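In what follows, a single structure is set out as structure tokens and then discussed.
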Number of protein chains: 2
Amino acid sequence: MYSYTEENYLKTIYKLSEQGNDSINTNAIAEVLQTKAASVTDMIKKLADKKLLNYEKYKGVALTDKGRKVAVDTVRKHRLWECFLYDKLKFGWDEVHEIAEQLEHINSEILTDKLDEFLDFPTHDPHGDPIPSKNGVIKKSNFILLCDAKPNQTLVMSGVADHTAVFLQHLNKISVVLGIEMQITEKNEYDGSIAVKLSGNKSMYFSKDVAKNILVKVK
Amino acid sequence: MYSYTEENYLKTIYKLSEQGNDSINTNAIAEVLQTKAASVTDMIKKLADKKLLNYEKYKGVALTDKGRKVAVDTVRKHRLWECFLYDKLKFGWDEVHEIAEQLEHINSEILTDKLDEFLDFPTHDPHGDPIPSKNGVIKKSNFILLCDAKPNQTLVMSGVADHTAVFLQHLNKISVVLGIEMQITEKNEYDGSIAVKLSGNKSMYFSKDVAKNILVKVK
DNA sequence: AAATATTTTTAGGCTTGTCTAAAAATAATA
DNA sequence: TATTATTTTTAGACAAGCCTAAAAATATTT
Ligand SMILES: [Mn+2]
Ligand SMILES: [Mn+2]
Ligand SMILES: [Mn+2]
Ligand SMILES: [Mn+2]
């Protein structure tokens, strides 16, 4: 239906608009897709012709419902494949994204449905991101950043704000995985570092750089 | 490493050379890939430049070891994915090929290895075709066509010569699946039809058109 | 062997997706 | 507000992969 490239553009625009920005500008897209602004303009015109997004010269773009549907479906496939790679093939959570970037473009609705069923209808991917439903609904998670959480609440590690392999590998190294529970015991104004108590009374320190990329849910 | 299209060309040339033909001619490739002879010539030149095949004008092509390796690896991925779709996702054997045509181009050696392990190192795909090993070795099956088999031998249904969905669906309809055993009770010279006895003494007739596309192993 | 038919290659062109360099529009600063 | 800086778009070009039409080579008939 849509090309590998078109899907990647739509997915990128979708993700940028999720991050607050209402109208997405050319350079931001080029940055994410590691391409040139001129190429983005070329593609934007084609996607606008196909009614996948609204475009006004110099004013940026916004997805149409049609475009958003394609984008969300691509995200759905991406996250389902990540579940498959993680749960079934035992890849690490730092390894799944790159392969899913390829698998997300496999075009077969029935395959996606059967994969979903095979995985027992997962709601979140290995990084804690929600998996859109078949009809495009995403249950928004009410996660907060660890650096914004208050002391004396039980927090459940639920996701990451930084999806890079290096960050995920660092979390592996310090044994921080989805599901662990913690309570903040100290927040240091000076450097933004945070001390927490884990279950079993073990304590642990997070630097600001780490704490600002960990998503937690208040239990 | 190699493009979707390059892999398909190499796979096609490989399969044609497996079917006896030593040097593969342009039209045969065009026929399989549903493209034009001129396009085949274009691509052949590029593959020859990359040392994936040997090419002499008007003399046809033959894969180099390098080209054969790429082709066999593509076949390996194709058949492993078919096993996944059939065994794990419960697709019918008439449905797996088309989706595997897409999946075979996913480029990740570790993914292929992990998939192989997840499937418990299958030796044959859902159609009875052998799965090449990681280092490119294919265990040749000594299957024969049902129409060439002799009476009074126990035959095990082991593969198909026709991989089209319509043929596979016909086999579904008459309940012919891999593994069933039979003995030929009658071979009719006139129309090439064959009568067999199945386990449980049920008898069954195969038209020539069907019998010439069923592969059996003598038990 | 000459004529005819078939196969294969070449020539030229099209689409998709990319690029660089330059022009135009917008935003920021003096 | 005028000048400068940044962003965005246009212009022109290129590679991959495909096409049609015509030329060249090979194969088959007569
Ligand atoms: Mn991902
Ligand atoms: Mn992608
Ligand atoms: Mn197949
Ligand atoms: Mn293929």
Side-chain angles (χ1 to χ4, degrees), chain A residues 1-14 16-17 19-63 67 70-71 74 101-102 104-105 107, chain B residues 1-13 16-17 19-63 67 70-71 74 101-102 104-107:
Chain A
M1 196 68 188
Y2 299 103
S3 76
Y4 189 106
T5 312
E6 287 171 326
E7 286 184 351
N8 280 342
Y9 269 90
L10 293 171
K11 199 180 70 159
T12 299
I13 295 164
Y14 170 74
L16 287 170
S17 55
Q19 286 163 32
N21 331 330
D22 204 37
S23 166
I24 312 303
N25 56 347
T26 308
N27 265 3
I29 299 168
E31 163 75 29
V32 174
L33 288 174
Q34 292 279 68
T35 184
K36 304 293 151 157
S39 305
V40 172
T41 303
D42 286 347
M43 178 58 83
I44 275 175
K45 284 184 194 161
K46 264 178 279 186
L47 296 175
D49 287 348
K50 296 186 181 182
K51 310 284 182 200
L52 292 162
L53 48 78
N54 295 312
Y55 168 55
E56 219 182 328
K57 270 192 197 175
Y58 295 98
K59 302 293 180 190
V61 300
L63 293 181
V70 176
T74 305
E101 279 296 306
Q102 294 183 60
E104 73 187 4
H105 303 293
N107 177 26
Chain B
M1 195 66 187
Y2 298 103
S3 76
Y4 189 105
T5 312
E6 287 171 328
E7 285 184 352
N8 280 342
Y9 269 89
L10 293 171
K11 198 180 72 158
T12 299
I13 295 164
L16 287 170
S17 55
Q19 285 162 33
N21 331 330
D22 204 39
S23 166
I24 312 304
N25 55 348
T26 308
N27 265 2
I29 299 168
E31 163 75 30
V32 175
L33 289 174
Q34 293 279 70
T35 183
K36 305 292 152 155
S39 304
V40 173
T41 302
D42 285 348
M43 178 58 83
I44 275 174
K45 282 183 194 163
K46 264 177 280 188
L47 296 174
D49 287 348
K50 296 186 182 183
K51 309 286 182 200
L52 292 162
L53 48 79
N54 294 314
Y55 168 54
E56 220 182 327
K57 268 193 195 175
Y58 295 101
K59 302 294 181 188
V61 300
L63 293 181
V70 175
T74 306
E101 279 296 306
Q102 295 183 61
E104 74 188 4
H105 303 293
I106 300 293
N107 177 25

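Just so it is clear: chains get the letters A, B, ... in the order the sequence lines come, proteins before strands, and each one is counted from 1. It should be emphasised that the depicted structure is a prediction, and the values quoted were computed from it without experimental measurement.
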Would you confirm whether [X], through its side chain, and [Y], through its main-chain N or O, come within 3.5 Å as a donor-acceptor pair?
X        : Y        : value
A/Ser23  : A/Lys59  : yes
A/Gln102 : B/Asn107 : yes
B/Glu6   : B/Ser3   : yes
A/Ser39  : A/Thr35  : no

Basic-acidic side-chain contact under 4.0 Å: A/Lys11, A/Glu104: yes

Short N-O contact, B/Lys36 and B/Glu31, less than 4.0 angstrom: no

Range on DNA chain D touched by chain A - first to last nucleotide, heavy-atom distance under 4.0 Å: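 Nucleotide range with atoms under 4.0 Å of chain A: D/dT7 to D/dT10.
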
DNA chain C contacts among residues 31-43 of chain A, heavy-atom distance under 4.0 Å: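 Residues of residues 31-43 of chain A that come under 4.0 Å of DNA chain C are, in numerical order, A/Thr35, A/Lys36, A/Ala38, A/Ser39, A/Asp42, A/Met43.
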
Whichever of A/Tyr58 and A/Ser3 has its nearest DNA chain C nucleotide further upstream toward 5':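 The answer here is A/Ser3.
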
N/O (side chain, A/Lys57) to phosphate O (OP1/OP2, C/dT26) under 4.0 Å: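 Checking C/dT26 against A/Lys57, no side-chain N or O comes under 4.0 Å of OP1 or OP2.
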
Touch class at under 4.0 angstrom, heavy-atom based, for B/Tyr4 against every strand present: nothing

Counterpart residues, ring-ring contact (aromatic ring centres under 6.0 Å, His included), relative to B/Tyr58 (two or more places apart):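 Listed in chain order: nothing, the list is empty.
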
Value in whole Å for how far the P atom of C/dT16 lies from OH of A/Tyr9: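 Nearest whole value for this atom pair: 14 Å.
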
